[in-house]
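Model, not experiment: these values are computed from the prediction.
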Protein chains: 2
Amino acid sequence: MQSYLQVLKANRLKITPRRKAVIDIFIRCNYRLSPYDVRAKLRRKLSTIGLPTVYRILAELKNAGILAQSLSEDRQLRYALCTLPHQHHHHFSCRKCKKVEEVDFCNFKGISRFIENKLNAKVETHQLQIEGLCSKCK
Amino acid sequence: MQSYLQVLKANRLKITPRRKAVIDIFIRCNYRLSPYDVRAKLRRKLSTIGLPTVYRILAELKNAGILAQSLSEDRQLRYALCTLPHQHHHHFSCRKCKKVEEVDFCNFKGISRFIENKLNAKVETHQLQIEGLCSKCK
DNA sequence: GGTATAAATAGAAATCATTTCTATTTACGA
DNA sequence: TCGTAAATAGAAATGATTTCTATTTATACC
Ligand SMILES: [Mn+2]
Ligand SMILES: [Mn+2]
Ligand SMILES: [Zn+2]
Ligand SMILES: [Zn+2]
């Protein structure tokens with residue numbers, strides 16, 4: 001937690017009970033959570049928290065590199081902790097329990113070369129979502 | 001166009017002016033289009049077309065394998081023609097002009113093995129979006 | 001420890017892409 | 001040509017997300 005508070009400071013975000021509580025949720029269990037999920041969990045500790053506050057904090061933590069944002073199949077927002085914020089990598093999430101794990105590996109160069117050769121295009125970004133069953137759920 | 005009408009029949013979708021017009025748009029220029037984009041183009045040919053009709057036809061064509069669905073950065077729906085519906089592949093789209101091109105190649109096995117070994121998980125699906133600048137725009 | 005100030009928050013309200021509903025029209029098999 | 005299920009238009013609803021504004025709070029400075 002301490003290091004996350006440093007990140008908040010580095011991003012000029014004040015250390016508030018709401019922000020600490022959101023980070024704490026993800027530290028305890030790193031699953032893909034919707035803003036509603038996060039609020040439900042927050043309500044156990046904080047008597048009140050507005051949904052706009054949840055949305056804002058999640059976006060701030062994403063911008064600070066603490067959370068990774070993704071979209072679920074129903075196109076709604078999901079967030080999970082990202083513990084490798086400064087290196088290029090991807091995330092694996094379990095279809096059943098929604099657990100998220102880091103995939104500190106990317107073999108995208110092959111496709112990139114393929115595209116640059118065959119289409120004569122310039123590849124700039126790629127976005128990969130990997131799903132399956134985690135070790136417990138499979 | 002003829003072969004697309006076959007696909008409609010195979011999917012028990014009636015051949016209507018609306019559906020033909022939508023397919024025609026994508027055949028003429030294969031770009032990532034939003035439902036609004038599609039309607040704007042349709043209006044040049046068809047006096048009236050309801051937005052719900054556009055949404056429904058796009059979803060039907062996606063289910064029939066004619067269109068590929070994706071999400072833009074603002075999380076809204078986009079569609080483009082998919083000319084390789086029965087083989088696993090990905091799509092490259094130009095950030096500037098939105099042109100979409102098939103990427104008939106996937107080197108996902110490496111990451112998949114990495115995950116199955118390191119996380120002891122079972123990988124089931126992956127979803128890859130590749131963006132950059134096409135040959136004309138770069 | 002005060003205090004000033006900008007940042008953060010709650011709650012209500014707005015936004016707007018997408019979906020649902022229903023009456024009418026249309027494609028097409030018999 | 002006709003009957004019928006499918007397709008459509010237009011209005012309305014939905015619901016996740018964002019905006020707005022008055023109030024509260026964290027913290028830099030003394
Ligand atoms: Mn990560
Ligand atoms: Mn394709
Ligand atoms: Zn699991
Ligand atoms: Zn281009």
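Comparing atom distances between the A/Ile15 side chain and each of D/dT17, D/dT19, D/dT27 picks out D/dT27 as nearest. For B/Lys14, the side-chain atoms get nearest to D/dA6 when compared with the rest of C/dA10, D/dA6, C/dT19.
The distance between atom CD1 of A/Ile57 and atom C1' of C/dA10, rounded to the nearest whole Å, is 12 Å. Rounded to whole Å, the distance from CZ on B/Arg12 to C1' on C/dC28 is 15 Å. In this entry the distance linking CG of A/Leu58 with P of C/dA8 reads 15 Å, nearest Å. Spacing between atom CG of A/Leu51 and atom P of C/dA10 amounts to 11 Å, rounded to whole angstrom units. One atom, CD of A/Gln76, and another, P of D/dG15, lie 10 Å apart when rounded to the nearest Å. Separating the NZ atom of B/Lys20 from the C1' atom of C/dT26 is a distance of 13 Å, rounded to the nearest angstrom. Taking atom CG of A/Leu71 as the reference point, atom P of C/dT18 lies 12 Å away to the nearest angstrom. Going from atom CD1 of A/Ile49 over to atom P of D/dT24 covers 17 Å, rounded to whole Å.
The side chain of B/Thr16 places an N or O atom within less than 4.0 Å of a non-bridging phosphate oxygen (OP1 or OP2) of D/dT8. A close approach under 4.0 Å does not occur between any side-chain nitrogen or oxygen of B/Tyr55 and OP1 or OP2 of C/dT19. Distances shown here put a side-chain N or O of B/Arg75 below 4.0 Å from the OP1 or OP2 atom of D/dT18. Dashed line: the shortest gap from a side-chain N or O of B/Tyr36 to OP1 or OP2 of C/dA17 is under 4.0 Å. For the pair A/Arg19 and C/dA8, the criterion of a side-chain N or O lying under 4.0 Å from OP1 or OP2 is met. Dashed line: the shortest gap from a side-chain N or O of B/Thr53 to OP1 or OP2 of D/dA7 is not under 4.0 Å. Between A/Arg18 and C/dA10 there is a side-chain polar atom (N or O) within less than 4.0 angstrom of OP1 or OP2. The side chain of B/Arg56 places no N or O atom within less than 4.0 Å of a non-bridging phosphate oxygen (OP1 or OP2) of D/dA7.
Nucleotides of DNA chain C nearest to B/Pro35 and B/Pro17 differ in position, and the one nearer the 5' end is that of B/Pro35. Both A/Leu13 and A/Pro52 lie close to DNA chain D; mapped to their nearest nucleotides by heavy-atom distance, the more 5′-ward contact belongs to A/Pro52. Between A/Leu77 and B/Thr48, the residue whose closest nucleotide on DNA chain D is further toward the 5' end is B/Thr48.
Under a 3.5 Å cut-off, the side chain of A/Asp74 and the backbone N or O of A/Gln76 do form a donor-acceptor pair. Remark: side-chain polar atoms of B/Lys138 are paired, donor with acceptor, to backbone N or O of A/Asn120 under 3.5 angstrom.
Note that CZ of B/Arg32 and CD of B/Gln69 are 10.5 Å apart. Values are rounded to the nearest 0.5 Å.
Salt bridge B/Asp24/B/Lys20: absent, no basic N to carboxylate O contact under 4.0 Å.
Using a 30° and 60° split on the angle between ring planes, A/Phe108 and A/His126 fall in the parallel class, below 30°.
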message = Walk me through whether A/His91 and A/Glu101 qualify under side chain to side chain contact (heavy atoms under 4.5 Å, CB included).
response = CA-CA 6 Å; A/His91 296 102; A/Glu101 303 191 82; over 6 Å; no
